[in-house]
Structure formats: structure tokens, C-alpha cells
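Structure first, then comments.
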Amino acid sequence: MSRDLVELAKRRGYFFQSASAYGGVSGFYTYGPEGATLKDNVEDAWRERFQVREGHREIDAPTVMPEPVFEASGHLDTFDDMLVECPECGESHRADHLIEDNTDIEEAESIPISEVEDLIADHDLRCPNCDAELAGVPVEDFNLMFETNIGPGDSSPGYLRPETAQGIFVEFPQLAEYARNQLPFGITQIGKAYRNEISPRKSIIRVREFTQAELEHFIDPTEDEPPLDRVADVELTLYSAEEQEKDDGEYVTKTVREAVDEGIVHEWIAYYLGVGKQWYESIGVDMDRFRYRQHLPGERAHYSADCWDAESEVDGDWIEITGYSYRSDYDLGKHDEYSDDDFTVFKQYDEPKVVERATVDPDMSYLGPEFGGAAGDIADALETLAERDRKAFDGEEVAVEVGGEEYAIPTEKTGFSVEEVKETGEHVLPHVVEPSIGIDRVVYTVLDHAYETDEIEGETRTRLALEPAVAPTFVGVFPLMDKDGMGEVAREITDDLRAAGLDVTYDDSGNIGRRYRRQDEVGTPFCVTVDYESLEDDAVTLRERDSTEQVRVPISDLDDLLADLQAGETTFAELDAPAPEQ
RNA sequence: GCGCCGGUGGUCUAGUGGUAGGACAUGAGCUUCCCAAGCUCAUAGCCCGGGUUCAAUUCCCGGCCGGCGCACCA
């Protein structure tokens with residue numbers, strides 16, 4: 001089945017391995033003419049549903065970003081895997097995990113490779129699989145981010161982004177300004193992301209360069225609520241962590257409202273699960289091969305507080321096509337800490353609050369001469385002390401510790417005072433709700449779920465039952481034969497329909513049935529045939545892919561009719577048109 | 001990265017120590033041709049490198065690529 005689909009994809013221009021003239025590269029695929037358009041259509045549908053209809057806005061950030069971004073995001077630490085391979089049995093193990101499991105050391109991930117090798121030797125660590133000695137075996141570093149140099153030399157390392165999200169997070173200060181500092185607001189981005197996978201697999205499912213469509217919805221966790229009413233009745237197929245851990249775990253079907261009320265899904269996640277369900281269904285994902293699966297506690301990413309995956313069943317395997325993650329304030333907090341900018345939003349109180357605040361205003365003309373280089377740090381220490389423990393300023397002297405040294409400062413020189421301050425609001429770190437769609441996997445799912453074979457008079461017909469909304473070629477136009485003027489009429493119709501914005505393919509090669517089958521295999525939902533009668537009555541045969549039914553429609557109605565069919569305003573079955581005489 | 005299996009026109013495949021045959025598809029033509037019809041003609045192939053050999057697509061080694069299993073998938 002998947003072999004058939006991959007073969008069809010290659011033959012019909014959906015996708016194929018890149019650079020095969022040079023032997024190919026593992027994990028890189030090229031979308032052919034049909035595939036690129038299908039992917040565009042899926043992206044457009046996503047934009048329409050997750051962005052435009054939700055009132056969010058899109059940005060377009062670089063794919064290369066400097067190292068500090070990924071130091072802050074945590075990717076640099078958690079993206080480096082240290083692997084040690086057993087010389088006896090060939091099994092690979094995470095070196096840091098071996099150390100953590102067999103010693104008192106925690107967070108071995110941040111230890112340099114050479115020290116890890118020493119630690120393995122010192123503790124005489126052995127292969128968990130076959131107990132062979134691992135001392136002296138080199139530890140290899142697998143960096144799953146693609147590294148590059150920005151500018152000449154290697155003084156400014158950069159990385160290809162492993163997710164598009166960071167491009168949104170790092171620009172949060174500008175984006176918040178754009179949103180006039182009002183929460184909530186959402187920012188989307190569609191673009192390439194890169195992961196240097198150890199072992200790319202399953203054609204387009206696990207690749208090294210892929211397209212993500214991400215939404216980062218910034219909310220105030222204390223007061224913002226999702227507009228649940230819009231999707232309250234949408235039914236979700238849920239596979240919770242609890243059910244997964246049972247031997248006979250089952251899916252439960254709940255509406256979005258029920259899932260929230262019963263505490264199964266976080267309300268913001270639930271909202272987007274509802275939006276997502278509507279979207280998957282609209283582009284042709286088979287809902288019998290679809291579920292939402294909650295991440296198990298040990299499975300969650302370093303940034304994620306709760307996470308549900310949308311999964312589709314493809315060739316009997318469940319694949320993740322979207323991650324719905326409640327990232328809390330992890331990312332903004334990290335960038336707030338690591339960068340010079342402010343990643344908070346100022347939230348004004350309804351009523352200003354009057355609060356007492358203890359402050360210091362140290363007399364630097366005293367601290368400086370008295371304590372020299374430590375003076376600045378002492379002043380900082382006094383400030384934190386005042387916030388934390390104002391009683392410390394009750395006596396004649398205040399004691400602070402700086403760099404292991406204790407200093408005594410006369411209280412009068414600290415400028416300590418308790419004042420009433422009017423606070424009009426506070427700085428809050430927004431929380432982030434993130435639906436992160438793997439476009440390539442969605443495209444693969446759409447193709448796989450559309451793949452049908454019919455038996456027609458003993459012959460197999462292969463057909464991609466793609467939704468008209470996403471089908472890359474929307475209509476095929478054929479002259480019954482290219483003679484007696486039928487070709488000219490068909491070419492005119494082709495031009496007119498293209499001018500109306502439709503994707504049209506013209507084909508006059510071979511028997512008419514053959515041409516229908518070609519389009520069936522590409523997934524073209526409709527075909528128009530110009531015959532001898534058309535030359536008399538200015539009408540043509542319109543044929544639908546899935547039913548192979550035909551109706552006769554006037555040429556002048558074609559563009560409106562087809563536009564309605566594409567937009568879903570009408571269906572072929574609803575057309576009030578006569579069947580052709582044959 | 002490890003293990004097993006594999007790699008012949010666009011696709012599917014037969015076969016061989018003396019460089020290849022079929023089917024489908026594709027193109028041109030004929031046929032009033034509405035669901036893969038028929039006929040004629042045409043285009044197009046042994047993954048790459050090294051070794052053995054007079055000679056390698058075939059045997060051996062390595063690589064690349066693919067499928068599956070293990071590990072990995074933040």
C-alpha cells in the first residue's frame with residue numbers, strides 16, 4: 001500500500017527523493033508539480049482556519065539563527081546526544097543516561113565528551129545489553145541541529161532552526177508592540193525546519209528538512225479563556241495518558257466542552273483540538289484513522305507542560321501529524337533571562353494598587369571608597385535584601401554577603417526606606433499555546449487516506465479521492481478528438497477556466513477513457529469533455545472522479561459552476577443538470 | 001549508527017562472466033474514441049567506486065540509496 005503510494009507519488013509528480021541523479025540524499029525530498037501545489041493548498045487551508053478565522057497574524061523569520069538563541073531555548077543542550085556504541089553487541093546507548101543511571105551524577109548531558117569518556121572508565125561502566133566493558137570506547141556526539149557559520153571564519157556559529165517557533169519567540173518584544181501590548185494575540189509561521197536525523201525513514205514521514213505550520217498563541221493565564229463556544233460540540237477521539245497505561249486502554253469520544261468540563265484536556269489545548277479536528281476533516285483526513293493522543297509524562301519535550309498529538313493511521317502505523325502543546329511561559333521566560341530585551345507584557349490593573357515597598361538608595365560616595373570594587377555588588381545585595389527582609393535594616397548596621405565575604409554597612413548609608421507606591425499594573429510573562437503542524441506528514445496522510453482502488457469491469461482503477469478544496473489539479477479539459485474544431489473549443493475552455501483561477505490540465509492524447517484514468521490517478525476531481533455535440537449546442541460533459549457520473553452543462557456556466565464545486569458551495573450530486581446522451 | 005534484505009528504461013520486472021528481454025507508461029500516426037480498445041513506429045535501463053578476470057550488470061570488498069528491526073525522534 002505505502003509502496004504503491006510512493007510509486008504513484010513519484011510517477012505522477014507528487015514527491016520523490018532529491019538529487020537522485022547523484023545517488024540521492026537520505027532524508028530530503030522534492031515535491032513535484034502536483035505535490036507542491038497540493039502542499040500549497042494544504043498550507044492555504046491551514047492559514048484560512050488557524051490564522052485568518054482566528055484573527056491571528058503571520059510572520060516570516062529566518063531559517064538560520066545565531067547560537068545564543070538556541071542556548072536560551074534549550075535546544076543546544078538537549079539537542080546534543082552523546083552516543084557510545086558497544087564494541088561487542090553493536091548496540092548504541094546514550095552515554096549521559098548510562099552515567100546518570102549508574103552514578104550519583106545528575107544532568108550528565110552538560111558534561112564535556114572527554115570527561116564523559118573518563119567517567120565511563122572511572123566507574124567501569126558496562127553495556128546494559130551484553131555487559132561488555134565500555135571503558136576506552138569513544139563517545140560520539142550527535143548534534144541534531146545543522147550547524148553553519150555566519151560570515152567568514154567560525155567565530156559566529158549559527159544553526160538551521162529545528163522548529164519555526166523560536167523565530168516567533170525571539171521577536172516577541174516587537175510582536176507585542178505590534179499587538180499594542182494587548183493579550184491575547186496569536187502569531188503564525190509556515191516554513192522549513194531542519195533536524196539532522198540519525199536515521200530518516202518512511203519516505204516523507206521522517207525527513208531532515210520539513211515544513212512546519214506553527215501558531216504561537218500568547219495568553220494571560222490568569223484571565224484569558226478560549227472561545228470554547230465556537231467548537232464546543234466538536235467531537236474528539238481522545239487517547240489519554242491514563243488509558244495508554246492500561247492494558248486494555250481505549251479511546252474515549254468527548255465533545256470539546258465535555259473534555260474541558262471533565263478535566264481531561266486543558267481548555268486552551270481542547271479549543272485547538274476542536275479547531276484542528278474541523279480542519280483535518282475539511283482537507284480529507286479520514287476520521288476513522290485519526291485520534292488525539294496525550295503524551296505520557298516521560299515523553300514530553302523540555303518546554304512542554306501538557307501535550308496532545310494529533311495522529312493519523314498510515315499503513316497500520318500511527319504517525320504524529322501535529323503537536324498541541326501548552327508551553328506555559330518556558331520560552332519567553334528563557335529569552336527574557338538570556339537576552340537584553342523584555343519579554344513581558346505590562347498588564348494594567350483595573351484599579352491602581354497602593355503597596356508598601358522597601359527600597360534602598362545606597363550612598364555610593366561612601367560605599368565606593370570604603371569597599372572598592374565590591375561596592376557595586378554590595379549595592380545590589382542591599383537591594384535584594386530590602387525586598388526580601390526589611391527587618392535586616394532595623395539595626396545600626398546591615399550585614400550582606402558578597403562573593404563569600406561578609407560586609408557590614410551602616411544602615412544610614414543604605415538609604416533604606418519604606419514607601420507607599422502606587423502600582424498601576426504588573427509585568428507578566430504570557431503563556432503560550434502551540435499547535436505545531438507537520439505539513440509534510442499531513443500531506444502524506446491526505447494522499448494515503450485518499451488512495452483508493454476500484455474494480456471496474458474486472459480492471460483496477462487507482463484513484464486519489466482528494467477533496468476538491470486541496471486537489472492540485474482541479475479540472476481536466478479534453479477534446480473527444482483533436483479534430484473538426486473540438487481541440488480549439490477545448491483549448492478556449494482551458495484558457496477561460498485558467499483565467500478564472502482554476503488549476504486546469506489540457507489533454508488530447510490517447511483514448512478518452514485513458515485520459516479519465518490518468519486524471520483519476522492524479523486525483524483531479526472533475527473533467528470536461530468537448531464532443532461533436534458541443535460544436536452544435538455549446539455544452540460539454542462534466543464528469544466527476546469518484547462516481548464517474550456525467551452531466552451535460554453549458555460552456556458559459558462552467559467557470560461559476562466549477563468555482564462553486566471547489567469552494568464547497570455545491571456538490572456534484574446536487575447539480576441539476578441532464579445526463580449526456582451517449 | 002548497528003543488523004537483515006535489496007538496487008536492471010519513467011514504473012513493475014526477466015535474465016546473464018562475453019553489456020540485456022518483457023509488460024505498463026510516454027511520444028508520433030491511423031481509427032466519430034465518453035471510461036486503461038486495436039494497429040504501426042519511436043524514445044528510454046544494468047546505483048557509484050575499487051578488486052578478481054582477456055572480459056563484470058553478473059563474483060568479491062567498500063560506499064551511496066531504499067525497505068524492515070534495534071537505537072534515536074528534544
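Every chain is numbered from 1 and lettered A, B, ... according to where its sequence line falls, protein lines coming before strand lines. On a predicted model such as this, the values are computed, not experimentally measured, just so you know.
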* Of the nucleotides rC34(B), rG66(B), rG1(B), which has the atom closest to the Q17(A) side chain? -> rG66(B)
* What nucleotide among rC34(B), rA74(B), rA28(B) has an atom nearest to a side-chain atom of P162(A)? -> rA74(B)
* Asked: For rG69(B), which nucleotide in any strand shown is its Watson-Crick or wobble partner with both distances under 3.5 Å?
  -> rC2(B)
* G-U wobble or Watson-Crick pairing nucleotide for rU58(B) (cut-off 3.5 Å, both distances) -> none
* Asked: Between rU11(B), rC70(B), rU31(B), which one does the side chain of K10(A) approach most closely?
  -> rU11(B)
* Asked: Roughly, in whole Å, what's the span from OH in Y29(A) to P in rG66(B)?
  -> 6 Å
* What residues form a salt bridge (charged side-chain N to carboxylate O under 4.0 Å, His left out) with E544(A), not counting sequence neighbours? -> none
* Asked: With under 30° as parallel and over 60° as perpendicular, where do the rings of Y326(A) and H266(A) fit, or are they tilted in between?
  -> tilted
* Asked: Does rA74(B) pair with anything, Watson-Crick or G-U wobble, both distances under 3.5 Å, and if so, with which nucleotide?
  -> none
* **Separation of the P atoms in rG45(B) and rG9(B), to the nearest angstrom** => 10 Å
* Kindly say whether, by distance alone, the side chain of R543(A) makes a donor-acceptor pair under 3.5 Å with the base of rC35(B)? => yes
* **Donor-acceptor pair (no angle test) under 3.5 Å: N511(A) side chain, rA36(B) base** => no
* When the P atoms of rA56(B) and rC60(B) are considered, how many whole Å apart are they? -> 16 Å
* P spacing across the pair rC46(B) / rC12(B), given as an integer number of angstrom -> 16 Å
* **Out of rC72(B), rC34(B), rC65(B), whichever nucleotide has its closest atom nearest the side chain of I198(A)** => rC72(B)
* Asked: Taking a pair as Watson-Crick or G-U wobble with both distances under 3.5 Å, which nucleotide is matched to rU11(B)?
  -> rA23(B)
* Between T548(A), T529(A), T524(A), which is the residue that forms a side chain to side chain donor-acceptor pair (under 3.5 Å) with Y516(A)? -> T529(A)
* Minimum-distance nucleotide (side-chain atoms of M481(A) versus rU13(B), rU32(B), rU26(B)) -> rU32(B)
* With stacking defined as ring centroids separated by under 5.5 Å and planes differing by under 30°, is Y516(A) stacked against rC34(B)? -> no
* To do: Go through the steps for R514(A) and D507(A) under the test salt bridge (Lys or Arg N to Asp or Glu O under 4.0 Å), then give the verdict.
  => CA-CA 10 Å; R514(A) 177 183 298 262; D507(A) 188 356; over 6 Å; no
* Structure fact -> To the nearest angstrom, the CZ-P distance between R3(A) and rG6(B) comes to 14 Å
* State which residue, out of W46(A), W308(A), F50(A), fulfils the side chain to side chain contact (heavy atoms under 4.5 Å, CB included) condition with P435(A). => F50(A)
* To do: Write down the distance separating the P atoms in rG49(B) and rC64(B), rounded off to the nearest Å.
  => 15 Å
* Report the base-pairing partner of rG17(B) (Watson-Crick or G-U wobble, both distances below 3.5 angstrom), or none. => none
* Establish whether the base of rC72(B) is bridged to the side chain of R206(A) by a donor-acceptor pair shorter than 3.5 Å. => yes
* Between rG7(B) and rA14(B), how far apart are the C1' atoms? Round to whole Å, please. => 15 Å
* Just name whichever nucleotide pairs with rU32(B), Watson-Crick or G-U, keeping both distances under 3.5 Å, else none. => none
* Which listed nucleotide (rA28(B), rC33(B), rA74(B)) is nearest to the side chain of R195(A)? -> rA74(B)
* Please state the P separation for the pair rA37(B) and rU26(B) - nearest whole angstrom. => 10 Å
* To do: Could you tell me whether S26(A) contacts a base, only the sugar-phosphate backbone, or nothing, with contacts defined as non-hydrogen atoms closer than 4.0 Å?
  => sugar-phosphate
* Asked: Could a donor-acceptor pair under 3.5 angstrom be found where the side chain of R201(A) meets the base of rG69(B)?
  -> yes
* Parallel, tilted or perpendicular, as decided by the 30° and 60° cut-offs, for the rings of Y324(A) and Y292(A) -> perpendicular
* For atom C1', what is the distance between rG17(B) and rC5(B), given to the nearest Å? -> 25 Å
* Structure fact -> Applying the 3.5 Å cut-off to both distances, the Watson-Crick or G-U partner of rU52(B) turns out to be none
* **Between rC4(B) and rU40(B) - C1' atom distance, rounded Å** => 49 Å
* Asked: Considering only rU32(B), rC72(B), rC35(B), which nucleotide approaches the side chain of R517(A) most closely?
  -> rC35(B)
* Is it true that K202(A) and D315(A) have a side-chain N and a carboxylate O under 4.0 angstrom from each other? -> no
